[in-house]
Trainee: 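I am attaching a structure below and will ask some questions about it afterwards.
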Amino acid sequence: MFKNFKNIKKLCNTVFGISLLLFVVACEDDHDHDEHTDAKGFILEKSDGTVVYKQFKGTTEGTITVTTGAAIELAVHFLDDDGEEIEHDEHEEEEEGALKLTGFDSNIATVEVEVGHGDELEVTGVNEGSTSFKLELMHGDHADFTSASNVPITVIK
């Protein structure tokens, strides 16, 4: 009888250990997902509050227009499922990553993230013409958000 009791006790301890391990792993996985930004779009806005471009759930409105030799600064605001701005503080921004801008023709315009302002862009007109760029919000080595289509830029004289 005591032999069976020892076997049952071993089995219970093993089941308890496996259950505890699965619980810990599941909790860690849930916390990792909480740190991601679940954006459904974004707006690009001038300092006076004018929205020059909006991308939301696959629809786009506007274009960035800049004069040759001039620069325009734009704030980037990511949007939630309801089209409202996703609020975050500087600490979250540092943990989640930075903006990545690719695909533009630097002979037409340059697009850069403003130094010290992680959610601001500077678009500078180089030569008359059109180009576009892809915007990504990076989280470590992957993007939490990627623009559905490239953001158009028109450079005029």
Side-chain angles (χ1 to χ4, degrees), residues 18-157:
I18 291 172
S19 298
L20 183 62
L21 178 65
L22 290 174
F23 177 76
V24 169
V25 170
C27 282
E28 286 177 9
D29 201 29
D30 286 344
H31 294 294
D32 288 344
H33 293 294
D34 290 343
E35 296 173 9
H36 291 266
T37 301
D38 188 23
K40 301 301 180 194
F42 65 96
I43 60 171
L44 300 177
E45 180 180 64
K46 290 182 179 179
S47 60
D48 66 3
T50 304
V51 175
V52 297
Y53 183 80
K54 179 179 181 179
Q55 192 172 110
F56 183 63
K57 293 185 177 181
T59 62
T60 61
E61 296 175 26
T63 186
I64 299 170
T65 303
V66 63
T67 306
T68 303
I72 183 173
E73 292 181 4
L74 301 168
V76 181
H77 300 283
F78 290 95
L79 306 174
D80 66 15
D81 201 37
D82 297 322
E84 299 295 323
E85 181 179 349
I86 296 173
E87 297 293 330
H88 61 278
D89 60 29
E90 289 180 24
H91 178 69
E92 287 175 348
E93 184 178 306
E94 289 170 9
E95 286 181 0
E96 291 192 22
L99 297 177
K100 181 178 177 184
L101 311 165
T102 57
F104 58 90
D105 181 348
S106 60
N107 292 313
I108 303 294
T110 60
V111 186
E112 299 175 331
V113 176
E114 281 285 281
V115 177
H117 302 279
D119 287 347
E120 290 187 16
L121 310 178
E122 182 177 88
V123 180
T124 304
V126 177
N127 286 302
E128 190 174 14
S130 297
T131 187
S132 62
F133 65 94
K134 177 171 65 171
L135 179 128
E136 294 177 288
L137 177 62
M138 301 303 293
H139 185 151
D141 63 349
H142 69 278
D144 271 0
F145 175 83
T146 301
S147 56
S149 58
N150 284 3
V151 178
I153 303 170
T154 302
V155 179
I156 58 176
K157 283 192 176 214

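Count residues from 1 along the sequence. Values in this document were obtained by computation on a predicted structure and should not be read as measured data.
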Trainee: Return the CD to CD distance between Glu122 and Glu114, rounded to the nearest 0.5 Å.
Mentor: 4.5 Å
Trainee: Look up atom CD1 in Ile64 and atom OG in Ser132, then write down how far apart they are to the nearest 0.5 Å.
Mentor: 10.0 Å
Trainee: Can you give me the closest heavy-atom contact between Ala75 and Glu120, atom names plus distance?
Mentor: CA-CG, 4.1 Å
Trainee: Just how far is it from atom OG1 of Thr124 to atom CD1 of Ile108, taken to the nearest 0.5 Å?
Mentor: 13.5 Å
Trainee: Do Thr131 and Val111 come within less than 4.5 Å of each other through their side chains, counting heavy atoms only?
Mentor: no
Trainee: Which residue pairs satisfy the side chain to side chain donor-acceptor pair (under 3.5 Å) criterion with at least one member in residues 57-66, sequence neighbours excluded?
Mentor: Lys57-Asp81
Trainee: Does the side chain of Lys134 reach to within under 4.5 Å of the side chain of Asn150, using non-hydrogen atoms?
Mentor: yes
Trainee: Which residue pairs pass the side chain to side chain donor-acceptor pair (under 3.5 Å) test with at least one member in residues 69-80, sequence neighbours excluded?
Mentor: Glu45-His77, His77-Glu85
Trainee: Among Thr110, Asp105, Asn107, exactly one meets side chain to side chain contact (heavy atoms under 4.5 Å, CB included) together with Val126. Which residue is that?
Mentor: Thr110
Trainee: Apply side-chain contact (heavy atoms from CB on, under 4.5 Å) to Glu112 and Leu101, showing your working.
Mentor: CA-CA 7 Å; Glu112 299 175 331; Leu101 311 165; 5.5 Å; no
Trainee: Checking side chain to side chain contact (heavy atoms under 4.5 Å, CB included) against Ser130, which of Val155, Ile153, Thr154 comes through?
Mentor: Thr154
Trainee: If I take atom CD from residue Gln55 and atom CZ from residue Phe78, how far apart are they, to the nearest 0.5 angstrom?
Mentor: 10.0 Å
Trainee: Tell me the closest heavy-atom pair linking Gly62 and Pro152, and the distance in Å.
Mentor: O-CG, 3.9 Å
Trainee: Working to the nearest 0.5 angstrom, can you tell me the gap between Leu137 CG and Leu99 CG?
Mentor: 6.0 Å
Trainee: Report yes or no: does Thr68 contribute a side-chain atom to a donor-acceptor pair with the main-chain N or O of Ile156 at less than 3.5 Å?
Mentor: yes
Trainee: Once ring-ring contact (aromatic ring centres under 6.0 Å, His included) is applied, do any residues pair with Tyr53, and if so which ones, sequence neighbours excluded?
Mentor: Phe42
Trainee: In a check of side chain to side chain contact (heavy atoms under 4.5 Å, CB included) between Val52 and each of Val151, Ile43, Leu74, which one passes?
Mentor: Leu74
